[in-house]
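Quick notes on the structure that follows.
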Amino acid sequence: EPDNPSVIANIGILQAAKVNPAGAIDALQHALTLDPNLLEAKFNLALAYARVGRRAEAAATTRELLGQVPAESPQRPEIERLLRALQ
């Protein structure tokens with residue numbers, strides 16, 4: 001399914017796990033182009049940016065993600081920790 005944003009995001013997450021942050025960034029950006037509401041993809045994109053030293057982009061992506069995640073979301077503390085680490 002070459003145009004399925006969830007599949008593309010999963011490929012990006014796998015690439016990040018295999019220490020291929022450049023490939024991860026490309027795949028995750030593509031997935032988010034197809035579906036900007038894939039929050040796990042956005043979180044992993046922020047992590048991939050951070051891993052390659054693109055801290056400003058990581059922080060901006062994390063702030064954007066915080067704007068999308070409800071306050072009561074169980075993932076929110078992890079996203080907030082990432083943003084604090086980037087500042």
Side-chain angles (χ1 to χ4, degrees):
E1 296 182 45
D3 293 325
N4 183 323
S6 295
V7 171
I8 296 166
N10 285 332
I11 290 169
I13 292 167
L14 287 171
Q15 287 176 322
K18 293 189 176 280
V19 192
N20 179 6
I25 288 169
D26 289 344
L28 293 164
Q29 286 175 330
H30 181 61
L32 289 165
T33 298
L34 296 171
D35 184 353
N37 295 314
L38 287 175
L39 303 184
E40 184 179 2
K42 194 166 285 187
F43 180 76
N44 281 283
L45 177 59
L47 289 175
Y49 280 145
R51 286 189 186 115
V52 297
R54 293 166 64 175
R55 294 177 67 83
E57 289 164 289
T61 302
T62 304
R63 280 192 292 278
E64 183 181 323
L65 179 58
L66 276 174
Q68 291 179 280
V69 174
E72 66 278 359
S73 170
Q75 291 82 13
R76 194 167 181 91
E78 184 65 24
I79 298 165
E80 291 169 342
R81 273 192 294 279
L82 175 58
L83 187 57
R84 281 193 303 275
L86 292 167
Q87 295 176 343

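Remember, predicted model here, so these are calculated numbers, not experimental data.
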[X] to [Y] - nearest heavy-atom pair and separation:
| X | Y | result |
| --- | --- | --- |
| A58 | A46 | CB-O, 3.3 Å |
| A27 | Q15 | CB-OE1, 3.7 Å |
| L38 | A9 | CD1-CB, 4.3 Å |
| K42 | L32 | CA-CD1, 3.8 Å |
| A48 | I25 | CB-CG1, 3.6 Å |
| A24 | A16 | CB-N, 3.6 Å |

Name the one of T62, L86, L28, T61 that satisfies side chain to side chain contact (heavy atoms under 4.5 Å, CB included) with Y49?
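Exactly one pass, corresponding to T61.
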To the nearest 0.5 angstrom, please state how far the [atom1] atom of [X] sits from the [atom2] atom of [Y].
| X | Y | atom1 | atom2 | value |
| --- | --- | --- | --- | --- |
| R84 | I79 | CZ | CD1 | 11.5 Å |
| D35 | I8 | CG | CD1 | 10.5 Å |
| E80 | Q75 | CD | CD | 12.0 Å |
| Q29 | E57 | CD | CD | 8.0 Å |
| I11 | S6 | CD1 | OG | 11.0 Å |

Heavy-atom check, side chain of R51 versus side chain of V19, under 4.5 Å
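Side chain of R51 against side chain of V19, heavy atoms only: no contact under 4.5 Å found.
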Would you call I13 and E40 a side-chain contact if the rule is heavy atoms closer than 4.5 Å?
yes
State plainly whether one hydrophobic cluster holds both L14 and V7, where clusters connect Ile, Leu, Val, Met, Phe, Trp and Tyr through side-chain heavy atoms under 4.5 angstrom apart.
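Result: no, two separate clusters.
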Would you kindly confirm whether F43 and L45 end up in one hydrophobic cluster when ILVMFWY residues are joined by side chain heavy atoms under 4.5 Å apart?
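Different clusters.
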Would you confirm whether S73, through its side chain, and V69, through its main-chain N or O, come within 3.5 Å as a donor-acceptor pair?
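No, because the side chain of S73 does not come within donor-acceptor range (under 3.5 Å) of the backbone of V69.
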